[in-house]
> 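One structure, as structure tokens, below. Some questions next.
Lettering follows sequence order; numbering is per chain, from 1. Because only heavy atoms are used, hydrogens play no part in the values below, and waters and symmetry mates are left out as well, while side chains stay in. Remember, it's a predicted structure, so these values are computed and weren't measured experimentally.
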Amino acid sequence: MKRTHHCNELRPAHVGQTVTLAGWVHSRRDLGGLIFIDIRDREGRTQTVFDPSALPADLFARAAGLRSECVINVTGVVRNRPGGTQNTKIATGEVEVGVTGLEVLNMAEVLPFPVDDPETAAKVNEELRLQYRYLDLRRPEMARNLRLRSKVATATRVFMDEQGFLEVETPTLFKSTPEGARECLVPSRVHPGQFYALPQSPQQFKQILMVAGVERYFQLARCYRDEDLRADRQPEFTQVDIEMSFIDREDIYALIEGLLKRVWKTALNMDLPTPFIRMSFHEALNRFGIDKPDTRFGMELVDFTEEFRATTFKVFSGVIAAGGVIKAINAKGLAGATQGQIETMTEYAKGFGAKGLAYIKVESGEWKSPIVKFFTAEEKAALTAKLAIQEGDLILFAADQWLTACEILGKIRLYCAEVLKGQGKLTLPVDQFNFLWVVDFPLLSFDKEQNRWYSSHHPFTAPVAEDVPLLTTDPKKVRGQHYDVVVNGVELGGGSIRIHQPDVQRTIFEQVLQIPGDMVKARFGYMLEAFRYGAPPHGGIALGFDRMIAILCGTPSIRDVIAFPKTAKGTDLMTDSPAPVEPKQLRDLHLDLKVAKKD
RNA sequence: GGGGGUGUAGCUCAAUUGGUUAGAGCGCUGCCCUGUCACGGCAGAGGUUACGGGUUCGAGCCCCGCCACUCCCGCCA
């Protein structure tokens, strides 16, 4: 007997009908003479009742032998529950199925962890959840995440199709381009000693597609990076990859705002206000100390360089004399910070090369600080006014070159926010999404160790047109046509208008990035050549799909929105990969291992 | 590669800071129970305290090593 309804379907309107449900035994309440079994499928659950007075003895005995997660088919008659026994917690709680037939499709052994109790299950060791991922995914919370992911993927495809985009698949067996992230290599059997690389992103293919005249391309592209993992980074992940021809930055902003509006409406039934605000890289750093600011709370950076220009405090005066800045934030209500917390923040500062971290605790009506004795009345008044200092506040200073000072306080700002959240002094609504575009990034950054410039984004990013002459004279001042879309302090995506003139691209490669000509030819020759045969102006963006789903699901870890994620060491606990291979496989691939064999 | 956290019953956690036989809730097993939905009642089983060393009269607790998971730094054009 096939099922006639799913387990979230029956309502009082079905009363009297004979139905068949199929699913898992979610919970069982055996009252001795009467057995209740909640049957669960992916849609929900329904209570079934086994009454011995209405059933053959052997059927009732089989029902008594069922336990959690057995798979069953149940046939019976829908009826209203007796007065006072309705369950308002579930959608099917007004009715129940009076069982007339039971088919046990499969028994289940006792589970390694419960899947029926959300509170317990959510706390289960993640190691165990990953090892038994198929059980973990049965939990309604995880099933919801998978479903939401699927809905958003579909909504994305529909939206992009409406906007005239073609979904084009690009190769995952690509070639190594050693700039950027470390790549996963795939040895070639046919070509001894040669390797494919899995793409970090389809960047080059999508630009070639523009040369190919596709004009509007997108793909839910699987990407690979052989770097260490984080809660928001997996070695393989999915991005919504987009590229368009004959456009400028504004077209990308409008497109992505439209896409995100659609996605948020689909997933959360929320109407995102657009357009998103825009913030320059400089402003983001200056106010929030980071290029992906979380604007849901204040605690902004305040500059005191002018106020301390004549200070007798040598640490400050020395920094100012060297062209640096004095910045501060007010962590409101954190005067009670523990020594350990101050220590943690000091370590952050030292991580950026600072000697230490100056602070003031405003407690019992006085400023408790090792440095306040150096401050004049005017300096104190300026601090009080510009930081709105009150009893209970914690003031933290950074004195360094502008970028470093900003980054130190940006890091500390986020840490303070975490501490305040932990103390219940800062609460961020779960339905608040502060989107913004960060723009006007510097095209190039300088690598002190290697004494050369490198691309802040990637080497195909176009400079802002009016800055092109500065490329060879003052690279630091060149702004890139690069943009990031940020929400609640998370970098959701980024992209750029690309260089489509081969000569500008060649200048960037050879003169600015100092990549030798023959190496440029070996790695990007086909691209430069393609651009000679009529490349349209183009640009694009990629959104981190996993991160977007995680934000929509309200989880901090993208592992919760990936069906089969890997651990922090890149292993899969369910399949036990990676794993050794047979000697013959290695021989076929012309590989010789140098690692000691593990037994 | 570096730093922090965690690891005790199938699961989630205790164990008065080194002291008797390592406990609880849930789960599991058996018996009882006809309106439960966190069903209830009675009884019971279940432990190499991740693993390997060491200190000590005595170690779940202290020390060294190691493994796994996790968070962060480096890394992620």
> What is the nucleic acid contact for A:Gln203, judged by heavy atoms within less than 4.0 Å: base, sugar-phosphate only, or nothing?
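Base contact - A:Gln203 has a heavy atom under 4.0 Å of at least one base atom.
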
> With centres under 5.5 Å and planes under 30°, do A:Phe36 and B:rU36 count as stacked?
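Stacking is present between B:rU36 and A:Phe36, given that their ring centres fall under 5.5 Å apart and the planes under 30°.
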
> Side chain of A:Arg182, base of B:rG74: donor and acceptor closer than 3.5 Å?
no

> Evaluate whether atom NZ of A:Lys477 has more than 12 neighbouring non-hydrogen atoms of other residues, nucleotides or ligands under 6.0 angstrom away.
no

> Applying a 4.0 Å non-hydrogen cut-off, can you work out what A:Arg129 is touching in the nucleic acid: base, sugar-phosphate, or nothing?
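Result for A:Arg129 = nothing.
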
> Looking at A:Thr338, is its backbone amide N or carbonyl O close enough to the side chain of A:Gln341 to form a donor-acceptor pair, meaning the two atoms are under 3.5 Å apart?
yes

> Rounding to an integer number of Å, can you tell me how far A:Leu128 CG sits from B:rU8 P?
11 Å

> Angle class for the A:Phe281/A:Phe441 ring planes (parallel below 30°, perpendicular above 60°, tilted otherwise)?
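Rings of A:Phe281 and A:Phe441: tilted, 30 to 60°.
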
> Is there a side-chain polar atom (N or O) of A:Lys89 under 4.0 Å from OP1 or OP2 of B:rA38?
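Yes, within the criterion.
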
> Mapping A:Ala231 and A:Ser68 onto RNA chain B by nearest heavy atom, which one lands closer to the 5' end?
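With A:Ala231 and A:Ser68 compared, the 5'-side residue is A:Ser68.
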
> Could you tell me the separation between the NZ atom of A:Lys123 and the C1' atom of B:rG27, rounded to a whole number of Å?
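Distance, rounded to whole Å: 15 Å.
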
> For nucleotides B:rG74 and B:rG19, find the distance between their P atoms and express it as a whole number of Å.
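These two P atoms come out 42 Å apart once rounded.
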
> Between A:Phe174 and A:Tyr196 (judged by ring centroids, cut-off 6.0 Å), do the two rings come close enough to count as a pair?
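No - the distance between ring centres of A:Phe174 and A:Tyr196 does not fall below the 6.0 Å cut-off.
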
> Where the side chain of A:Arg79 is defined as all heavy atoms beyond and including C-beta, which of B:rG35, B:rG74, B:rU70 is the nearest nucleotide?
B:rG35

> Given that both distances must come in under 3.5 Å, which nucleotide forms a Watson-Crick or G-U wobble pair with B:rA24?
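The answer is B:rU12, by the H-bond criterion.
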
> With the side chain counted from C-beta on, respond yes when A:Phe564 and A:Leu573 share a heavy-atom pair under 4.5 Å apart, and no when they do not.
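Not touching, per the 4.5 Å side-chain cut-off.
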
> Pick base, sugar-phosphate or nothing for A:Thr571, based on heavy-atom distances below 4.0 Å to the nucleic acid.
sugar-phosphate

> Of the nucleotides B:rG35, B:rG74, B:rC39, which has the atom closest to the A:Arg29 side chain?
B:rC39

> What's the gap between B:rU55 and B:rC73 when it is taken at their C1' atoms, as a whole Å value?
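Comparing C1' positions in B:rU55 and B:rC73 gives a spacing of 35 Å.
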
> Between A:Leu34 (CG) and B:rC37 (P), how many Å, whole number?
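Those two atoms, CG and P, are 12 Å apart.
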
> Take the protein atom CD1 of A:Ile35 and the nucleotide atom P of B:rC32, then report the distance between them rounded to whole Å.
13 Å

> In whole angstrom, give me the gap between the C1' atoms of B:rG25 and B:rC32.
23 Å

> With a non-hydrogen cut-off below 4.0 angstrom, is A:Pro112 in contact with a base, only sugar-phosphate, or nothing?
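The answer is sugar-phosphate, as A:Pro112 gets under 4.0 Å only of primed atoms, P, OP1 or OP2.
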
> Expressed in whole Å, how much space separates the P atoms belonging to B:rC62 and B:rU16?
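The same atom, P, in both gives a distance of 11 Å.
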
> So for A:Glu127 and B:rG7, does any side-chain atom that can act as donor or acceptor lie under 3.5 Å from a complementary atom in the base?
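No, no donor-acceptor pair under 3.5 Å.
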
> Under 4.0 Å: is that the gap between some side-chain N or O of A:Arg81 and OP1 or OP2 of B:rC37?
no

> Report the nucleotide, chosen from B:rC71, B:rC75, B:rU36, that has the shortest atom-to-atom distance to any side-chain atom of A:Arg559.
B:rC71

> Run the ring-centre check on A:His482 versus A:His458 and record whether the distance is less than 6.0 Å.
no

> Would you say A:Thr48 reaches B:rC37's phosphate, i.e. side-chain N/O to OP1/OP2 under 4.0 Å?
no

> Hunt down the Watson-Crick or G-U wobble partner of B:rG40, both distances under 3.5 Å, from any strand shown, or write none.
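Answer to the pairing question: B:rC32, which forms a Watson-Crick or G-U pair with B:rG40.
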
> Could you tell me how far apart A:Lys350 (NZ) and B:rG3 (P) are, to the nearest whole angstrom?
17 Å

> Which nucleotide in the set B:rU34, B:rG74, B:rC37 lies at the smallest distance from any side-chain heavy atom of A:Arg233?
B:rG74

> Between P on B:rC26 and CZ on A:Arg67, what's the gap in Å once rounded to a whole number?
19 Å

> Should we say atom CG of A:Asp58 is surrounded by more than 12 heavy atoms from elsewhere, each under 6.0 Å from it?
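Yes, enclosed.
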
> Enter syn or anti for the glycosidic conformation of B:rU17, syn applying to angles within 90° of 0.
syn

> For the C1' atoms, the ones on B:rG47 and on B:rU8, what distance do you get once it is rounded to whole angstrom?
8 Å

> With P as the reference atom in both, quote the distance from B:rC75 to B:rU17 in angstrom, rounded to an integer.
46 Å

> Counting the atoms with a prime plus P, OP1 and OP2 as sugar-phosphate, which does A:Ser456 contact under 4.0 Å by heavy atoms, base, sugar-phosphate, or nothing?
sugar-phosphate

> What integer distance in Å separates A:Leu135:CG from B:rG10:P?
17 Å

> Look at all strands and tell whether A:Ile90 reaches a base, only sugar-phosphate, or nothing, counting heavy atoms closer than 4.0 Å.
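Contact class for A:Ile90: none.
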
> When you measure only distances, ignoring hydrogens and angles, does the side chain of A:Asn125 come within 3.5 Å of the base of B:rG7 through a donor and an acceptor?
no

> May I ask you to say what A:Lys411 touches in the nucleic acid, namely base, sugar-phosphate or nothing, with a heavy-atom cut-off under 4.0 Å?
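Answer is sugar-phosphate: A:Lys411 comes under 4.0 Å of backbone atoms only.
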
> Among B:rC33, B:rU70, B:rC37, which nucleotide has an atom closest to any side-chain atom of A:Glu126?
B:rU70

> Applying the side-chain contact (heavy atoms from CB on, under 4.5 Å) criterion to A:Leu137, which one of A:Glu141, A:Arg133, A:Arg139 satisfies it?
A:Arg133

> Test A:Asp241 against every option in A:Gln219, A:Lys206, A:Arg222 by the side-chain hydrogen bond (donor to acceptor under 3.5 Å, both in side chains) rule and name the one that passes.
A:Lys206

> Write down the distance separating the P atoms in B:rC26 and B:rA38, rounded off to the nearest Å.
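Straight-line distance between the two P atoms is 14 Å.
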
> Taking atom P of B:rG5 as reference, at what distance in whole Å does atom CZ of A:Arg230 sit?
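Between P of B:rG5 and CZ of A:Arg230: 18 Å.
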
> Under a 3.5 Å cut-off for both contacts, is B:rC69 paired Watson-Crick or G-U wobble with anything, and if yes, with which nucleotide?
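With both distances under 3.5 Å, B:rC69 matches B:rG5.
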
> Choosing from B:rC37, B:rU34, B:rC11, which nucleotide comes nearest the side chain of A:Ser53?
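Selected nucleotide: B:rU34.
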
> Between B:rU6 and B:rA14, how many Å separate the two C1' atoms, rounded to a whole number?
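After rounding to an integer number of Å, I get 16 Å for this pair.
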
> Does a side-chain N or O of A:Thr567 approach OP1 or OP2 of B:rC69 to a distance below 4.0 Å, or not?
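True: A:Thr567 side-chain N/O within range (under 4.0 Å) of B:rC69 OP1/OP2.
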
> Can you figure out which of B:rC37, B:rC33, B:rG1 approaches the side chain of A:Arg45 most closely?
B:rC37

> Starting at the 5' end of RNA chain B, which residue's closest nucleotide do you reach first, A:Pro52 or A:Phe113?
A:Phe113

> Which one, B:rU70, B:rG35, B:rC76, comes nearest to the side chain of A:Glu227?
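Among B:rU70, B:rG35, B:rC76, the one nearest the side chain of A:Glu227 is B:rC76.
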
> Does B:rC67 have OP1 or OP2 sitting under 4.0 Å from an N or O in the side chain of A:Lys569?
no

